[in-house]
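First comes the structure, then the notes that go with it.
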Amino acid sequence: MGKWFPEYKGLDLSQINKDILKVWDKNDTFHKSIREVNGKGEFIFYEGPPSANGIPGIHHVMARTIKDAICRFKTQCGYEVKRKAGWDTHGLPVELGVEKALGITKEDIGTKISIEDYNKVCRTDVMKYTDLWEDLTRKMGYWINMDHPYVTYDNRYIETLWWLLKQLHTKGYLYQGYTIQPYSPAAGTGLSSHELNLPGCYHDIKDTTCIALFKLIRDKKSGFLYNNTETSDIHMMAWTTTPWTLPSNTALAVGKEITYIKVLSFNPYSGDPVTVIIARDLLNALFPESNAGLDFSEYKPGDKKIPFRVLGEFTGGELQGINYEQLIDWIKPAEGAFRVLTGDFVTTEDGTGIVHIAPTFGADDYRIATENGIPPLIVKRKDGSFSPMVDKRGYMVPIADLDESFVKQSVNINTYTGFEARPVKNEYDDNLSPDTETLDVKIAVMLKQQGKVFRIEKQIHSYPHCWRTDKPVLYYPLDAWFIRTTAFRDRMIELNNTINWKPQSTGTGRFGKWLENLVDWNLSRSRFWGTPLPIWATEDRKEEKCIGSAAELKAEIEKSINAGFMKNNPLGKFSEGNNSSENYETFDLHRPFVDDIFLVSDTGRKMFREPDLIDVWFDSGAMPYAQAHYPFENKDNFHEMFPADYIAEGVDQTRGWFFTLHAIATMISDSVAFKNIISNGLVLDKNGNKMSKRLGNAVDPFSAIDEYGSDPLRWYMITNAQPWDNLKFNISGVDEVKRKFFGTLYNTYSFFALYANVDNFRYAEKEIPVNERPEIDRWIISLLNSLVKEVGRCYDDYDLTRAGRAIQEFVTENLSNWYVRLNRKRYWGGEYDKDKLAAYQTLFVCLETISRLAAPIAPFYMDRLFIDLNDATGRHKENSVHLVLFPIYDESLIDKALEERMDIAQKISSMILGLRRKVSIKVRQPLARIMVPVPDKYFKEKFEAVKDLVLAEVNVKEVEYIDDTASILVKKIKPNFKTLGPRYGKLMKEISNAISALTPQEIVSFENTGNHPFSINSQQIVLTTGDVEIISEDIPGWQVANDGKLTVALDITVSDDLRYEGIAREFVNRIQNIRKETGFDVTDKITVLIEDHDFIREAVTRHAAYIRSQTLATTVNLVNSFTGNNIREVDIDDTVIRISVIKNN
RNA sequence: AGUCCCGUAGCUCAGUUGGUUAGAGCGCUACACUGAUAAUGUAGAGGUCCACGGUUCAACUCCGUGCGGGACUACCA
């Protein structure tokens, strides 16, 4: 005898989770699933490596479900799905975590703790929650290959990174420059953006602002400006909140499309006439409209009201390229300075619409200056280095610090002397009292005396402060290494257009726009735990070397030893070509060890390593290469792992991992790194707030999985909202999924198993051809095939949400609530005949197909279901749903007409049930007939096919069609806007009114003749039946219900015959309940004795046979008195009857 | 500030090329049904489809401008 279909006491998804994990372990299911079928080939997935120094959260379950479901689906499609796990181990979060744990700050590293010890702590700390992560991976059913995960701190991983960097360096794409970064002069350190975002960093401070006047040089370019000027000079006005940057000014920026005007007026401080240029939109901010009419001749210096006159108008584009005189002549810059540029960041919201550019102190300034070849204002120091004219302590450079010949050439000692060695903000010098005149004020006053300023004002604005010292931050240029990503901008955009983004808008919008506005990638990080920059340079930076492999480094060190710069070779034990971890553990490429390596230049000079680390995003973005240790390994089969077919991460990775993957692949391989991508949104708490440990609203994935099992969690996350929408995570939603979807599916299976076991169904019989099965079987099979088609299409399109929703709808609505409900009687009792077999086969196939369709999203329960179905029948040789191929749909089994018929049946049934409820007649009480008006000629044919189902469902004897339309039906007519709208346009409103005004007679005649001519505004209009919708709304004297075109009427007369039958059904119901309460088995035979009573006598006598058949009773007798036990009292229509139900021996 | 996502019932979400009664589930209320029962059915209450403007015979749907929530990037005279 074959196995049974297992029957369960209840649905415990948490237990199933655990059981299935054991089964997978025992059968090694995951490894078996990594195979290809039918030569499908590989499907490559890249895992965005998590960092194991944090505890996994519920959002990781979300992201990983999305990853997992697609990979499982592709496995089911026959692909060999490659997916290597990895760990991200470098980076600031790790360091900050360690700093916190050790109670130290960045300054302590190298002093209180050695870099070596510090990095040692980082190395262990970063893996501290590895166990938790692996546990989550396992419990949530995330199938990823954990056998040999890549680890970014591994020397082999770093070696690939170095190789990649060398490729870029060789081609000139890796260069040193500087970048404007927030810097704390008081703490002597740069600040990261997150340090700037710490709460309380921004304070309001009061600054001196001024509008400076930049005198233009009259030449060919500017000549057109002077044609109607009364003054000999023309000035551009530029506003600044940091007058101390004015000495560093080397350019002015205007907006290309912005309109500027030339204004004649007086300098309010000197009283001299001036001609100035300002944006037209901002004219009245400086020159009040009310002063426009003032007489120039009456103006006296010192007057509050200053007359002005507009003399001309031009665009920013016309001003481009004009030269001006240096505003403050302390230090001369290199050639090419003092030019008007155009910049897209210039606005007319405040100031003058003209922006002063100091390339050494502003990010925008730096960028626009670089793009236009404008030199920054820098000074040469005694040690030969160059720096901005403000030093890192926040002081104007003292003349004494400067190179002597530079001073001779470029410094105006007379003018500079009063200002050198002053702090740019008083806070930087503890000896200065807060009310000391600031440098800003001093400069402003100086400009005022020289007539070079138009207005001086105090302004309050918010400004970032250093969180350690609480002193204002300085934006300061710091050395950094860059990758020239801008050189690849167009190619990156081109390649991006070939990527399938989900949602598309993230690709074209957020990511696409990011690429269009790309700047060079700042690779430098002044930290300790990370991949060191493999560049060595001589002290004067004239010569540099970029190292691309361990072997190369070893060889270079040998040269260095020969040159006498090193004593021994730290890579001495390393042997090239041996890729074992042992070989790669004989040295360490991290700091401080690399810092102690000195190389020799080609000219024999000593070279030092550049102290920076590289951005960790380079680590993760290089993962396609580095996980393979390319090109040191996998050189020939790299195409089998690159590019990825699919990746998925949170949308917050757009500028992170998504970008670095894309950039590196473009630069190194001229290829995309991934072909398809899902970027998901955030997981918020149920109120839409960000989850955080601090607020205590974070959901623990482990306890959620433990309570519900992973499947409901996964199902909820996928089906509740599209992945890219933020998910408001509510655990009650998980509970609902459990009850609604899994509960219903489990019930359906339980129902099937119960009867299949009774009848010993094992799917051993020959399959009954679908066209020989009953209508309702063909209907559910049709829907099932439609479902397979739809779900497959959705998965193929990376649309998990639609796939899951379609499956759920099918299971709960169609399979359970309609198919099983209507077919229950086919399974219990009766012969094991063809009809019953068809019922079993149909339901079995539905269940089995569902398990295969839903397996990617709910891998545990679906495998349970599949195994239970398959073990009893042995239909598949595979012992897991994850090893079986995705179902294939049969187009010929999809019958849309049949689906429509059943839709009619469902609607009419529910209308009749509604009517019964309205008049309070129980469904158990049979009724004689329903009447259905026939809306069109095909209707009768359609309804005949499903008539029996409807009648059985609503307990009515027969159906009567009403095709005679005129007499009893009350009709309603509605215009069909879709056909009429395009034809009549503006007349629609009146036509609509005319149609609703039709009398019943007119409607009838319209129906009979098939057209209805009439006129509106003397325009002739002819309606045909296609232009309107005629529905039968009411049948006077009947209980009637409507749903769209469908109408049904119910005859509610209860004759004696019907009443007797109703009573008999009441008895069946009571006896069934007694059977169940008493604990009889479903198959037990019984004897029923009913106390005789006038009210029920006729009913029981007439329908004894019916009662017997329904309740498995051998005898149903009326008696006057009882003996024996199990005597109950039942209430039938308020009459109490005693009844005895006894199991036969 | 820029870019992107979202805004439909108390809650979570559908709503397909614009077409006239805007749907589902949960929750609430009432009544039914029940040898699938931690289910199920029917009905009721609950909507200015964020606002305003435009296109159109017709806008939840298309366009524009705001407002609100969120994410990322950036911090500017």
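To find a chain, count down the sequence lines: A is the first, B the second, and so on, and within it residues start at 1. Both backbone and side-chain heavy atoms feed into the values below; hydrogens, waters and symmetry mates do not.
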Would you say a side-chain N or O of [X] is under 4.0 Å from OP1 or OP2 of [N]?
X: A:R739; N: B:A38; answer: no
X: A:N747; N: B:A39; answer: no
X: A:K740; N: B:A38; answer: no

In whole angstroms, how far is the P atom of B:G2 from the CD atom of A:E516?
->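 Distance, rounded to whole Å: 16 Å.
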Starting at atom CD1 of A:I368, determine the distance to atom P of B:C76, rounded to an integer number of angstrom.
->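 Roughly 16 Å, once rounded to whole Å.
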Roughly how many Å apart are [M] and [N], using the [atom1] atom of each and rounding to a whole number?
N: B:U12; M: B:G19; atom1: P; answer: 27 Å
N: B:C6; M: B:C62; atom1: P; answer: 11 Å
N: B:A22; M: B:U48; atom1: C1'; answer: 14 Å
N: B:C49; M: B:G44; atom1: C1'; answer: 22 Å
N: B:A45; M: B:U29; atom1: C1'; answer: 8 Å
N: B:A71; M: B:A36; atom1: C1'; answer: 45 Å
N: B:G68; M: B:A59; atom1: C1'; answer: 22 Å

Considering every strand shown, what is the Watson-Crick or G-U wobble mate of B:A71 when both distances are under 3.5 Å?
->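 Result: B:U3.
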From the options B:C13, B:U73, B:C76, select the nucleotide whose nearest atom is closest to the side chain of A:Y475.
->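 Among B:C13, B:U73, B:C76, the one nearest the side chain of A:Y475 is B:C76.
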Look at the side chain of A:M988 and decide which nucleotide, out of B:G15, B:U17, B:C57, has an atom nearest to it.
->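 So the nucleotide nearest the side chain must be B:C57.
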Considering heavy-atom distances to RNA chain B, does A:N976 or A:S816 have its closest nucleotide positioned more toward the 5' end?
->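 Its nearest nucleotide lies further toward 5', so the answer is A:N976.
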